[in-house]
Participant: 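Sharing a structure here in structure tokens format.
Bear in mind the structure is a predicted one, so any value in this text is a computation, not a measurement.
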Amino acid sequence: DPEILKYSPIQLMDYARKKFAEGQYNEAMFAARLFIEKNPGMDSVPKALRIVGDSYEKRHFDEEAFKAYQVILSRYPNYEKSDELMEKMHAIAGRFLEGQSFRWKLPYQETIYIPTGSDMSRTAQLYTQIVTNAPYGKFAAKSQFGIGQAHENALGGFWGFFASENEYGRATRAYQLLADRYSRRE
């Protein structure tokens with residue numbers, strides 16, 4: 001809708017929320033990004049970024065959603081729903097740990113992708129980012145355990161043909177850090 005280019009900031013955010021609620025994720029993402037571009041210093045920018053991340057997640061571009069949530073946590077450390085974002089990020093990493101394929105989104109395309117398969121080293125990086133965000137947060141211990149599991153799962157490879165023995169060391173270090181750092185926590 002070309003009329004949204006003339007909308008005020010409040011109208012843009014309302015439009016983005018409305019389109020997201022209706023399931024029109026491309027329109028919602030466009031409106032949210034337009035809002036961010038036109039009003040980079042407003043207080044509603046994290047909410048617009050959240051619409052972008054949620055739109056990616058609804059369309060199963062989980063890695064892109066993870067990155068969008070990370071942008072919110074990096075730029076706005078006092079974001080009021082950061083625990084909710086961390087929970088979403090942990091769930092995304094968990095889906096990849098269970099074997100979900102990563103997708104390579106074609107540049108400048110929001111609907112076309114190429115599946116690249118499961119990658120446990122990238123999964124471990126996602127979990128590492130969660131631990132880095134909040135080393136003693138609610139999802140830190142679970143994520144540290146996920147790092148160890150991802151390295152352990154990487155040993156499977158192609159029936160073990162391409163498995164690196166370094167993964168044993170990485171998994172061991174991840175589990176040891178889990179025991180050292182979080183043994184006194186629930």
Participant: Run the numbers on R95 and E98 for salt bridge (Lys or Arg N to Asp or Glu O under 4.0 Å), then give the verdict.
Facilitator: CA-CA 5 Å; R95 288 194 289 268; E98 292 169 359; over 6 Å; no

Participant: As an exercise, state the distance from CD of Q125 to CD1 of I130, rounded to the nearest 0.5 Å.
Facilitator: 12.5 Å

Participant: For residues Y127 and L97, determine if any side-chain heavy atom of one lies less than 4.5 Å from a side-chain heavy atom of the other.
Facilitator: yes

Participant: If I take atom NZ from residue K19 and atom CG from residue D14, how far apart are they, to the nearest 0.5 angstrom?
Facilitator: 13.0 Å

Participant: Tell me the closest heavy-atom pair linking A32 and A48, and the distance in Å.
Facilitator: CB-O, 3.5 Å

Participant: Quick one: does H60's side chain get under 4.5 Å of Q100's, heavy atoms only?
Facilitator: no

Participant: Nearest 0.5 Å, please: how far is CD1 in I114 from OG in S101?
Facilitator: 13.0 Å

Participant: Show, in sequence, the C-alpha distance, side-chain angles and deciding distance for Y15 and Q11, and conclude whether the side-chain contact (heavy atoms from CB on, under 4.5 Å) test is met.
Facilitator: CA-CA 6 Å; Y15 182 83; Q11 289 173 316; over 6 Å; no

Participant: Between P40 and V45, is any pair of side-chain heavy atoms under 4.5 Å apart?
Facilitator: no

Participant: Counting only heavy atoms from other residues, nucleotides and ligands, does the tally under 6.0 Å from OH of Y76 exceed 12?
Facilitator: yes

Participant: Does K58 have more than 12 heavy atoms from other residues, nucleotides or ligands lying within 6.0 Å of its NZ?
Facilitator: no

Participant: Can you give me the closest heavy-atom contact between A171 and G148, atom names plus distance?
Facilitator: CB-O, 3.8 Å

Participant: Starting at CG of D54, measure out to OH of Y69 and round the result to the nearest 0.5 Å.
Facilitator: 3.5 Å

Participant: How far apart are the C-alpha atoms of M13 and I51, what are their side-chain angles, what is the distance that settles it, and do they pass the side-chain contact (heavy atoms from CB on, under 4.5 Å) test?
Facilitator: CA-CA 10 Å; M13 279 303 290; I51 290 172; 4.1 Å; yes

Participant: Would you tabulate the side-chain donor-acceptor contacts of residues 83-91 under 3.5 Å, counting partners in other chains and residues two or more places apart, or write 'none'?
Facilitator:
residue, atom, partner, partner atom, Å
E84, OE2, R50, NH1, 3.3
E84, OE2, R50, NH2, 2.4
K88, NZ, E57, OE1, 3.3

Participant: Looking at every heavy atom in both P9 and M42, which two are closest together, and how far apart are they?
Facilitator: CB-SD, 3.9 Å

Participant: Kindly determine whether Y175 and E152 satisfy side-chain hydrogen bond (donor to acceptor under 3.5 Å, both in side chains), including the steps that lead there.
Facilitator: CA-CA 10 Å; Y175 290 137; E152 208 173 325; 2.6 Å; yes

Participant: Could you check if a side-chain atom of Q70 sits within less than 4.5 angstrom of a side-chain atom of N133, using non-hydrogen atoms only?
Facilitator: yes

Participant: Does D180 have more than 12 heavy atoms from other residues, nucleotides or ligands lying within 6.0 Å of its CG?
Facilitator: yes

Participant: Measure the spacing between OG of S121 and CG of L126 and express it to the nearest 0.5 Å.
Facilitator: 10.0 Å

Participant: Could you pull out the closest heavy-atom pair between I92 and A65, with the gap in Å?
Facilitator: CD1-CB, 4.1 Å

Participant: First locate atom OG of S8, then atom NZ of K38, and finally report the distance between them rounded to the nearest 0.5 Å.
Facilitator: 9.5 Å

Participant: Any chance you could pull the hydrophobic cluster mates of Y56, using side-chain heavy atoms under 4.5 angstrom and chaining through other members?
Facilitator: M29, V52, F61, Y113

Participant: For the residue pair V131 and R181, establish whether any side-chain heavy-atom pair is separated by less than 4.5 Å.
Facilitator: yes

Participant: Decide yes or no for Y7 and L34: does some side-chain heavy atom of the first lie under 4.5 Å from some side-chain heavy atom of the second?
Facilitator: no

Participant: With the 4.5 Å side-chain cut-off for hydrophobic clustering, are L5 and I36 part of the same group?
Facilitator: yes

Participant: Would you please test K47 and F35 for side-chain contact (heavy atoms from CB on, under 4.5 Å) and show each step?
Facilitator: CA-CA 10 Å; K47 293 174 185 167; F35 174 84; over 6 Å; no

Participant: Minimum heavy-atom separation for A140 and P135, please, with both atom names.
Facilitator: CB-O, 3.2 Å

Participant: Is R122 close enough and on-axis enough to F96, meaning under 6.0 Å and within 45°, for cation-pi?
Facilitator: no

Participant: Would you kindly confirm whether L177 and Y136 end up in one hydrophobic cluster when ILVMFWY residues are joined by side chain heavy atoms under 4.5 Å apart?
Facilitator: no

Participant: Is it the case that atom CD in E37 sees more than 12 heavy atoms from other parts of the structure closer than 6.0 Å?
Facilitator: no

Participant: Compare every heavy atom of T123 with every heavy atom of D119, then report the nearest pair and how far apart it is.
Facilitator: O-OG1, 2.9 Å

